Amino acid sequence: MDTKKLRQKILDLAIHGKLVPQDPNDEPASVLLERIKVEKERLIKEGKIKRSKKSAKTSDTPHYENVPFEVPDNWVWMTLGEVGTWQSGGTPSRSNKTYYGGNIPWLKTGDLNDGLISDIPESITEEAVANSSAKINPAGSVLIAMYGATIGKLGILTFPATTNQACCACIEFNAITQLYLFYFLLSQRNGFIAKGGGGAQPNISKEIIVNTFIPLPPLSEQQRIVMEIEKWFALIDQVEQGKADLQNTIKQTKSKILDLAIHGKLVPQDPNDEPAIKLLKRINPDFTPCDNGHYPFDVPNEWKWCKMNDLCSFLSRGKSPKYSEDDKTYPVFAQKCNLKEGGISLEQAKFLDPSTINKWDSKYKLQTGDVLVNSTGTGTVGRTRLFDESCLGKYPFVVPDSHVSVVRTYEEINSEYVFAYMSSQLIQQYIEDNLAGSTNQKELYIGVLENLYFPLPPIKEQQRIVQKIEKLFSILDNIQNAFRSVFVYTSKG
């Protein structure tokens, strides 16, 4: 499992505003910045603080052109220099022994650990601070390495300390939480390394750092983002240490990927895509949007809410077949063909009595792209799989029995995206909440599927989403396979 890439993906989602939902009740970051500016002006007039050169030049909430990417409406773009006060350190003369061994911790970039700094081996004296460019950084300062092999390495001071000149520290925070800044810097490590060049001693400067753009969410959302990042990182830590149930961890991660996908947060939107409403009108010129304002969640502007029935050329339960005891030509797809561990199999299928073939309309013959949903049973109802004709092998066709529903969309709809939506935790819970029958025999009526609200993206975005899901799921499957291989190897050892 490439956990490094997984961590980076989580950080990328976070700083794009796609890791946690926005809350309309949050105070927008622009309002917070305006309030801070007014408070500073008050303190300046009262003589409690002096006006800095930067604050004298900056009178309004900044607005930048050509920012790296779009962010939610209640975020703002700033530079790192505007969200905090930064300073670099210095190295007292090594030739003066009275400068070293004092009571002031002195950090070198090799001491950075991408976490809380609780131990610094070397120290300097007050005399060293007075006679060098070393400066005391307060507890809570966020540190970043600027030179050499450690470029981009981070740390947070848990006590006051000085640093060498290869380290830059943010010592004051303006409308930003310490940990959101920390995780933003972590997300930008590869970018900082690239800016440092590829020489023998790659380096970035304080100037590069303070001029780096940062997307600033409302304070409340910053806190939610940090909590979500740390939840996912803790899970990855457990996987790396072999302490977690890997199968359950992979399952949770895939569920999160599907959740991001159906909310329009897994891939970027493209303004050049044909809006979903045009696709729906092309399928059915009489399509009427179901605009009732009671949708499960908000979707991007070019998406369109519709109902599952609007997308389907065939949506039906199967039929009760007459089985054959001897003829093994025509398999009947039953609940057990939707495998618990994923995928489908005809190994345990029963077979249709060939004398009844004429009673089965051709639309009941399963096709590649059919989404198959178990519609009765205890423990298996709602289980959703995607049919592929490649599994037929020697069989000419396969038909579903009455315990399985077939969701067959029009050709213009990406059936793999439909399968992703149906497999998401949100829809699996919807199915569970809308089952009929007794505790011992649950049943999913076809009307529940027909009236299922569906967030339809533009067709090109459907394709991008499916590609991204396949790529991320492949990474997770490779991780799981790698862990299995290690387990088998160590068990034999």
Side-chain angles (χ1 to χ4, degrees), residues 10-86 138 140-142 156 169-188 209-231 260 263-265 268-269 271 293 295 297-302:
I10 291 167
L11 292 173
D12 289 343
L13 290 169
I15 66 171
H16 281 72
K18 296 181 177 181
L19 189 64
V20 300
Q22 281 72 54
D23 186 339
N25 297 314
D26 286 345
E27 178 185 65
S30 58
V31 175
L32 172 62
L33 291 171
E34 182 63 26
R35 194 172 66 252
I36 290 173
K37 184 185 75 171
V38 170
E39 177 64 11
K40 281 186 175 181
E41 288 296 320
R42 183 184 67 80
L43 293 174
I44 290 170
K45 288 180 180 179
E46 293 177 0
K48 295 181 179 179
I49 63 173
K50 293 182 179 180
R51 186 185 302 278
S52 67
K53 292 181 180 179
K54 184 171 65 176
S55 64
K57 294 179 180 178
T58 306
S59 58
D60 298 309
T61 301
H63 174 75
Y64 298 103
E65 302 294 337
N66 302 319
V67 291
F69 49 83
E70 292 185 1
V71 294
D73 291 339
N74 57 353
W75 292 33
V76 295
W77 278 101
M78 301 187 74
T79 64
L80 287 175
E82 289 165 324
V83 299
T85 301
W86 298 79
S141 297
V142 177
I156 298 175
C170 184
I171 61 172
E172 294 178 340
F173 306 97
N174 177 24
I176 192 171
T177 64
Q178 174 197 70
L179 286 173
Y180 179 76
L181 173 62
F182 173 84
Y183 285 119
F184 171 76
L185 293 173
L186 186 59
S187 76
Q188 301 302 298
I209 293 171
V210 299
N211 286 310
T212 297
F213 286 126
I214 177 172
L216 193 68
L219 276 174
S220 296
E221 187 170 350
Q222 292 179 40
Q223 294 162 356
R224 294 196 301 275
I225 288 171
V226 167
M227 289 175 63
E228 189 72 6
I229 290 173
E230 293 188 337
K231 182 183 80 173
L260 291 168
H263 282 76
K265 296 182 177 181
Q269 281 73 53
Y295 304 127
F297 50 84
D298 292 330
V299 294
N301 292 333
E302 299 307 309

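Starting from 1, each residue takes its place in the sequence as its number. Keep in mind the model is a prediction, meaning the values are calculated, not measured. As a basis for the values below, the full set of heavy atoms in this structure was taken, side chains included, without hydrogen atoms, waters or symmetry mates.
By the neighbour-count criterion of 12 heavy atoms within 6.0 Å, atom CG of D23 is densely surrounded, having more than that number from other residues, nucleotides or ligands. In N301, the CG atom is not crowded: 12 or fewer heavy atoms of neighbouring residues, nucleotides or ligands sit closer than 6.0 Å.
Residues V38 and R42 form no side-chain contact, since every pair of their non-hydrogen atoms from C-beta on lies 4.5 Å or further apart. The shortest distance between side-chain heavy atoms of I214 and E82 does not fall below 4.5 Å. At least one side-chain heavy atom of W75 sits less than 4.5 Å from a side-chain heavy atom of P218. Counting only heavy atoms from C-beta outward, the side chains of F213 and T79 approach each other to under 4.5 Å.
T212 contributes atom OG1, which lies 6.5 Å from atom CZ of F184 (distance to the nearest 0.5 angstrom). How far CG of L219 is from CG of L32: 5.0 Å, rounded to the nearest 0.5 Å. Taken to the nearest 0.5 Å, the CE atom of M227 stands 9.0 Å off from the NZ atom of K231. From I225, atom CD1 reaches atom CD1 of I10 across 13.0 Å, with rounding to the nearest 0.5 Å. Between M78 atom CE and N174 atom CG the span is 5.5 Å, to the nearest 0.5 Å.
Judged purely by distance below 3.5 Å, without hydrogens or angles, the side chains of E221 and Y180 never pair a donor atom with an acceptor atom.
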- Could you walk me through whether L216 and W77 pass the side-chain contact (heavy atoms from CB on, under 4.5 Å) check? CA-CA 6 Å; L216 193 68; W77 278 101; over 6 Å; no
- So E27 and R35, side-chain contact (heavy atoms from CB on, under 4.5 Å) or not? Walk me through it. CA-CA 11 Å; E27 178 185 65; R35 194 172 66 252; 2.4 Å; yes
- Test L179 against E230 for side-chain contact (heavy atoms from CB on, under 4.5 Å), laying out the working first. CA-CA 10 Å; L179 286 173; E230 293 188 337; 3.9 Å; yes
- Check the pair I15, Q188 against side-chain contact (heavy atoms from CB on, under 4.5 Å), reporting the backbone distance first and the verdict last. CA-CA 10 Å; I15 66 171; Q188 301 302 298; 3.5 Å; yes
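Residues P300 and H263 approach most closely at CD-O, 3.9 Å, considering heavy atoms. Across every non-hydrogen atom of C170 and G84, the tightest pair is SG-CA, 3.8 Å.
Just one residue in the list N74, L33, D73 forms a side chain to side chain contact (heavy atoms under 4.5 Å, CB included) with P28, and that residue is N74. L19 pairs in a side chain to side chain contact (heavy atoms under 4.5 Å, CB included) with only one of the listed residues (D12, L13, L260), which is L13.
Without hydrogens or angle criteria, Q178 side chain to G140 main chain gives a donor-acceptor distance under 3.5 Å. For the pair Q222 (side chain) and I176 (backbone), a donor-acceptor distance under 3.5 Å is absent.
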